[in-house]
Amino acid sequence: MMEFILGHYNYWIVIFLMMLGFYTVISRGNMVKKIVGLNIFQVSVFLLYISIGNVSGGTTPIIAEGFTRYSNPLPHVLILTAIVVGVATTALGLALVVRIKEAYGTIEEDEIHDQDQSL
Amino acid sequence: MIEQQLSLLLVAVPLLAAPVASILPNGRLPWLLALVVSWLCLAMAIWQFIIVLDGHIISYELGGWSPPWGIEYRIDAVNAFVALIVAGIAAVTMPYALRSVEQEIPKKQSSLFYATLLLFLVGLLGIAQTGDVFNLFVFLEISSLSSYVLIGMGRQRRALTAAYQYLIMGTIGATFLLIGIGLLYAETGSLNMVDLHARLENALDNRTVHTAFAFIVIGIGLKLAMFPLHQWLPNAYTYAPSVVTVFLAATATKVAVYVMLRMMFTVFSFSGFVRGTPADEMFLILGTAGIIAASIYAIYQRDAKRLLAFSSVAQVGYMVLGIGFGTALGLTATVVHIFNHALMKGALFMALGAIVYRIGSSQIDKFDGLGRQMPWTFGAIFIGGLSLIGIPGTAGFISKWYLVLAALEQQSWFITATILLGSLLAVVYVWKLVEVLFFRETSKNSKIKEAPLSLLIPMWLLVLANIYFGIDTRLTINAAKAAVQLLGVAP
């Protein structure tokens, strides 16, 4: 049992971060906080990818004498792309929040909703 | 040789054109570039479609890395058909864009607008062309990110919140897809769709694969606005600029449906795996619920664009039903409906865009008697509406017909009844538009001219296509049959 918990520690971290981020996205009404939650959610997936690429006892993947057992570099490369996508999403989301603040004077979802309804 | 390059060029040409468009001076020049590029894409998509229609498969290895290690563009009749739809709609929308965008988008943003529109096109074509699941995720994000920008360019401030809402939902969907792909990779060590299929055959009982499957279905479900994951769609369609609504409504959800098909049939096997999960029943339940609920929502809308947006959610329900059946007939219905729905929603949203162009609003209570002042636009709404309902002689009838056949084949009377009820509800909401547009008194001293020709010609092209493909079904049915064969469904 203990071995099961400790042996999968990377997954526990991933699941914890994933739920934390996801819950923040759903529960918060502040648009910046939502973006932060979304970020944590995405980062948990990055960790998932990076940790599954690890080979126990493996080294960095370089071609040289003495490096026979190395970690899988592909997930790391993939996640670089996903990080770029994540950065773009965050930047765009924050840009939209700035515009929303200019247009509505607030970034709280319920206040924006009230303003839209009162028209 | 050239035919292999074709598969990459279809993505590369608009991708290279996008930054060029962004540095061109504002005005008509970026539009001209986008127009030329979209027509070029259509030509390539047609060429590619002709090559693969007889069962030939184009395989292109990016950077010379042979699959399954490298990224492969693998074009068969299914992708080519989807690419043809996307490129076709783009080619028809671009001439329409000129006048509409001049009015709705500030001139100083026009070059950036067309650059983003081209990026959106790149994303959708890329999804259609690629044979690699991670590459698919990247293209999905390219198209999604550019669509958030495009929606946010709407004139009302609610466009911003609509774009924000879509960004949150869309990113959750894409991240779910990413988790699913990661788990699949952890299990199989491959990202190539065909290779994945072969490797998954021995691992179908694995719990990781089941988890991956669940994440992928929900992730794509968000993107294709499968009821009840459609919350982002009505606002996004309503507040986006007219051209963006046309393009988005006619292509984005359709491409997501294609991704769902690919995942269900090419990556996982439908008969071997999906049937054993609750997914196929879930598709049937959510499909029927979506058709009924979204159609009823549509009836109560006061904004015409919003009305059609809810109708889109209902139409997606029909496509999801077809996937849920998983039979040759069901799949035919889905593939044909992807095409036909693009035609009818394209035509309808173009007509609404023309009304917005003239009166500056899409509120239904401002439409009084407008149909008699804008007869051609009204005609487009009328025929597009008939197609939406599924009257014989229009494209909408063909796909509904196949879907009803698929439901009857399964002897599911309830679903058959739902499909027919959905059509009846469509009569109600289409009639609501027709009644206001044509039978209401025109408000006094309003002089509204017919929409300009550059809006009418693309609109009527799609309207005539609705009628043509309702009568001559060779193209759609042949493509669907080839698709059914390729996706490996027993007839």
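Throughout, a chain's letter reflects where its sequence line sits, starting with A, and its residues are numbered from 1.
- Atom CD1 of B:I179 and atom CG of A:L48 lie 7.0 Å apart (nearest 0.5 Å).
- Considering only heavy-atom pairs separated by less than 4.5 Å from chain B, the leading option among A:I79, A:V14, A:I112, A:I35 is A:I35.
- The local environment of CZ in A:R28 is sparse, with at most 12 non-hydrogen atoms from other residues, nucleotides or ligands closer than 6.0 Å.
- Note: B:F134 CZ to A:L78 CG = 4.5 Å, rounded to the nearest 0.5 Å.
- Across A:F41 and B:I172, no two heavy atoms sit closer than the pair CE2-CA, 4.2 Å.
- Under the 4.5 Å side-chain criterion, counting only non-hydrogen atoms from C-beta, B:T175 is not in contact with A:L38.
- With rounding to the nearest 0.5 Å, the separation of NZ in A:K34 from CD in B:Q165 is 9.0 Å.
- To the nearest 0.5 angstrom, A:T89 atom OG1 is 6.5 Å from B:L167 atom CG.
- Contacts between A:F22 and chain B at a heavy-atom distance below 4.5 Å involve the side chain alone, from C-beta outward.
- The CE atom of A:M31 sits 6.5 Å away from atom OG1 of B:T161, with the distance rounded to the nearest 0.5 Å.
- Neither the backbone nor the side chain of B:I142 comes within contact range of chain A; no heavy atoms are under 4.5 Å apart.
- The distance from the OH atom of B:Y185 to the CD1 atom of A:I52 is 7.5 Å, given to the nearest 0.5 Å.
- Contacts between B:Y164 and chain A at a heavy-atom distance below 4.5 Å involve backbone atoms as well as side-chain atoms.
- There is no contact between A:E102 and chain B, counting heavy-atom distances below 4.5 Å.
- Remark: the backbone N or O of B:L178 is paired with a side-chain donor or acceptor of A:Y49 at under 3.5 angstrom.
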